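Just below is one structure, and these are the notes that go with it.
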Amino acid sequence: MMAVNRQVARHSYRVCTGLYRPLSRSSSVSMVQKVLVRPPQDVPGAEEQAEFSRAGIGGFFQERPMLKNPFLEDALLQGYLRRHLPSEAVYSDLHVFGERLVREVDGWGRECEVTPPRLVTYDPWGCRVDRIVTSPAWQRMKDLSAQEGLVAIGYERSYGEWSRVYQMCKLYLYSPSSGLYTCPLAMTDGAAKVIQSLGVSWPVADAFSRLTSRNPEHFWTSGQWMTERRGGSDVGNGTETIALPQSDGTYRLSGFKWFTSATDADMTLTLARVTDVDGQTTSGSRGLSMFYAAVRDEQGMVQGIEVQRLKDKLGTRQMPTAELLLDGLPAHRLSEEGRGVACIANMLTVSRIHNSVSAVAGMRRVLQLARDYATRRSAFGKLLRDHPLHMQTLARMEVETRGAFLLVMEVCRLIGREETGHASQLETHLLRLLTPVAKLYTGKQAIAVISEGLESFGGQGYIEDTGLPAMLRDAQVLSIWEGTTNVLSLDVLRCVSRSSGLVLQAYFTHTQSLLAAASLPSLSVAVRSVDSALSGLREFLQAAALKPPGFMELAARDLAYSLARIYMGALLIDHASWEGASQSDAYAALRWCEQDLCPVVSKAAIGCYNMKTPPLDAALVYEESTRD
């Protein structure tokens, strides 16, 4: 005991063997004190038991940020719906859904993260089964998606041209809690869109009814198997999978799919090259056709598919992504032969919109948590919310998020009008241009804003079991999936070229109309900033028409950023101008317009797109050491 007493004195701890007495209570922690008690001497080994049973850990524990109803916490979302879709039924559904997200769904999402999918290649008797095992929460996400109509809303069209906005608002709330289940939903929505555009008939009529069902027992998800070893975005030159015609009019697919997301889906759409009677195929995009395949047979076994392995990814670990060997997969050709790439255009539009929705949703969620945490965390004598620099940082994140939200909702509005036959030619051109612009810009925004958001939690933002780091890991895919930033920037140039500039005419016309409708004196500075940037962009494009062909390729990324920033500024001004807008709406518009809205003009002025720069860039990147 003397040795124990000396140890206690040395560490200044008050210790008890087996007896804890509460000293005080607070809402977040109970503090305890240990009182030294001499054990009975007749207990064998009593002297050996008189050791520290627990070290003192202090009395303070930081309160965690609390997730509250994300619908009620989002003033911009509520204001947008009051303006454009003032439906009590929609408001009530999103309110109730927000409560469900907090109460149960967010926990499922965390379960998906900590219980990632695994591959079972063989059964206990050596038979190959290629079964992907996911967590029970992943299956609950599938059931919820059907029940809540997360795909169905877009096809029921109960709210006409605003049905897509309603659907995407619901997905926007769901995405950060979904455990990445929004990814299979994006591909499911894209597949339904393709089938609908081709005509809902055999052999895909049943599949379409399942993809758009609210019945969990009937609901299907779809994969999107495009990427192969030779090509990611370059499907025209990278697709090697062949389709062998069968006597009954079906096909058998053979090839290797390098990156198949949501591999546990019930069906898939994929590209392959039809072989002729001599076994030859047509190269390039002209040789690609689109096929539909059910993944499993009536017994639930994969058919003509071997799962080679699951991908070990930076993020999106909740979702199975696999390499697949197709070995005689039964399939039906949906497109005309050689028209597969044209058919996937509708799928890409929908999946890129989903990607953009997930980007802005992640930004909003990290802001909501950071805002709550700032009311709970004290540093240097006051709450974080009382530090002006911290509030300035969160305000900058808020402005980025608001601009992103309005841009994404504008694209959702446009696709809703197109699908219901209400879109003008101008709006059709705008949709074609803004879809890749929104996807590439919000993907980059999300990474930056979520990274900044993690800083607001200090060291806890770097600790895995808080769940916060997963937000940043998952965000990184947003600038990669469905086209990297550079690929989509070049896509913007293609859509300008293929429309003979009509998409840009639509852009300038509509942006100018948004500014013309803004009459509040308090927004005049923002209006002048956007108008000036718009004029500068117009002059740049006129001058660029006289430049060598490579000039615009060098400027493509900055051009896409400029299109995004100017248009987002106009949308923020437009939203701040309606009669129900708040002071914060106007302030956000002003703050957005403080930045360089047209970086392509700024960088052109300092020679960034000079045709002498490409070899210099290459020399800089590949400079070798001259040391012997």
Side-chain angles (χ1 to χ4, degrees), residues 142 145-168 170-171 184-226 243 245-246 248-251 253 262 265-272 274 288-298 303 329-354 412 414-423 428 431 435:
K142 182 179 183 180
S145 299
Q147 294 163 357
E148 296 288 349
L150 297 180
V151 175
I153 290 170
Y155 296 88
E156 294 166 345
R157 295 183 183 158
S158 301
Y159 294 90
E161 65 186 81
W162 293 100
S163 297
R164 279 292 188 184
V165 167
Y166 172 27
Q167 176 200 11
M168 294 302 170
K170 199 164 187 179
L171 283 163
L185 293 181
M187 292 181 288
T188 299
D189 198 349
K193 176 74 171 176
V194 168
I195 293 171
Q196 187 180 63
S197 68
L198 293 173
V200 181
S201 59
W202 187 90
V204 290
D206 179 65
F208 180 80
S209 73
R210 290 177 176 276
L211 296 174
T212 57
S213 175
R214 284 181 178 262
N215 181 355
E217 300 299 320
H218 191 66
F219 180 61
W220 272 8
T221 57
S222 176
Q224 183 176 310
W225 301 351
M226 305 296 170
Q246 305 296 297
D248 61 357
T250 64
Y251 294 79
L253 306 186
D266 303 284
M267 59 158 280
T268 190
L269 297 183
T270 190
L271 295 175
V274 177
L288 290 177
S289 302
M290 174 172 281
F291 294 85
Y292 154 74
V295 175
R296 297 172 190 81
D297 59 22
E298 294 179 356
Q303 45 185 352
L329 171 65
H332 297 269
R333 179 167 56 83
L334 295 187
S335 71
E336 295 178 17
E337 195 167 320
R339 294 286 296 167
V341 173
C343 274
I344 67 174
N346 282 319
M347 176 184 287
L348 289 175
T349 295
V350 170
S351 56
R352 286 171 177 174
I353 291 173
H354 275 262
C412 295
L414 290 170
I415 193 174
R417 286 184 61 79
E418 181 190 61
E419 289 178 333
T420 55
H422 292 104
T428 300
L431 176 63
T435 299

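The model shown is predicted, which means the values in this text are computed figures rather than measured ones.
Looking at heavy atoms from C-beta onward, Met290 lies out of side-chain contact with Glu337 at the 4.5 angstrom threshold. The shortest distance between side-chain heavy atoms of Ile344 and Val194 does not fall below 4.5 Å.
In this structure a side-chain-to-backbone donor-acceptor pair under 3.5 Å is missing from Thr250 to Gln246. A side-chain donor-acceptor contact under 3.5 Å links Ser213 to the backbone of Asn215. Although no hydrogens or angles enter the test, the distance criterion places a donor-acceptor pair under 3.5 Å between the side chain of Gln303 and the main chain of Ala294. Side chain of Gln167 to backbone of Leu150: a donor-acceptor contact under 3.5 angstrom is found. One N or O on the side chain of Asp266 and one on the backbone of Thr221 form a donor-acceptor pair closer than 3.5 Å. Not a single donor-acceptor pair under 3.5 Å links the side chain of Ser335 to the backbone N or O of Cys343. Thr188 contributes no side-chain N or O that, together with a main-chain N or O of Leu211, makes up a donor-acceptor pair within less than 3.5 Å.
Residue Thr212 holds its OG1 atom at 8.5 Å from CD of Gln196, rounded to the nearest 0.5 Å. Taken to the nearest 0.5 Å, the OG atom of Ser351 stands 5.0 Å off from the CD atom of Gln224. Remark: Leu253 CG to Phe291 CZ distance equals 6.0 Å, nearest 0.5 Å. If you take CE on Met347 and OG on Ser197, they are separated by 9.5 Å, rounding to the nearest 0.5 Å. With values rounded to the nearest 0.5 angstrom, Asp189 atom CG is found 11.0 Å from Asn346 atom CG. Note that CH2 of Trp162 and CZ of Arg417 are 8.0 Å apart. Values are rounded to the nearest 0.5 Å.
Taking the charged nitrogens against the carboxylate oxygens, Asp206 and Arg210 do have a contact shorter than 4.0 Å, which makes a salt bridge. The existence of a salt bridge linking Arg214 and Glu148 is excluded, since no basic side-chain nitrogen approaches an acidic carboxylate oxygen closer than 4.0 Å.
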Could you go through the side-chain contact (heavy atoms from CB on, under 4.5 Å) check for Cys412 and Ile353 one step at a time?
CA-CA 7 Å; Cys412 295; Ile353 291 173; 3.8 Å; yes
Check the pair Arg333, Tyr251 against side-chain contact (heavy atoms from CB on, under 4.5 Å), reporting the backbone distance first and the verdict last.
CA-CA 7 Å; Arg333 179 167 56 83; Tyr251 294 79; 3.0 Å; yes
Could you go through Leu198 and Tyr292, starting from their C-alpha distance and side-chain angles, then the distance that decides it, and tell me whether this counts as side-chain contact (heavy atoms from CB on, under 4.5 Å)?
CA-CA 12 Å; Leu198 293 173; Tyr292 154 74; over 6 Å; no
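Few gaps surround CZ on Arg157; more than 12 heavy atoms of other groups in view lie less than 6.0 Å from it. Atom CD of Gln147 is surrounded by more than 12 heavy atoms from other residues, nucleotides or ligands within 6.0 Å.
Scanning both residues, Ser222 and Met187, for their nearest heavy atoms gives O-CB, 3.3 Å. When all heavy atoms of Leu185 and Val151 are compared, the pair lying nearest together is CD2-CG2, 4.0 Å. Here the closest non-hydrogen pair linking Val274 and Ser289 is CG2-OG, 4.0 Å. Looking at every heavy atom in both residues, Ala272 comes nearest to Ala243 through CB-CB, 4.1 Å. Here the closest non-hydrogen pair linking Val350 and Ala186 is CG1-O, 4.3 Å. Considering every non-hydrogen atom in both Glu419 and Gly154, the closest pair reads OE1-O, 4.4 Å.
Ring geometry for Phe208 against Tyr155 counts as perpendicular: the plane angle is over 60°, on a 0 to 90° scale with 30° as the lower cut.
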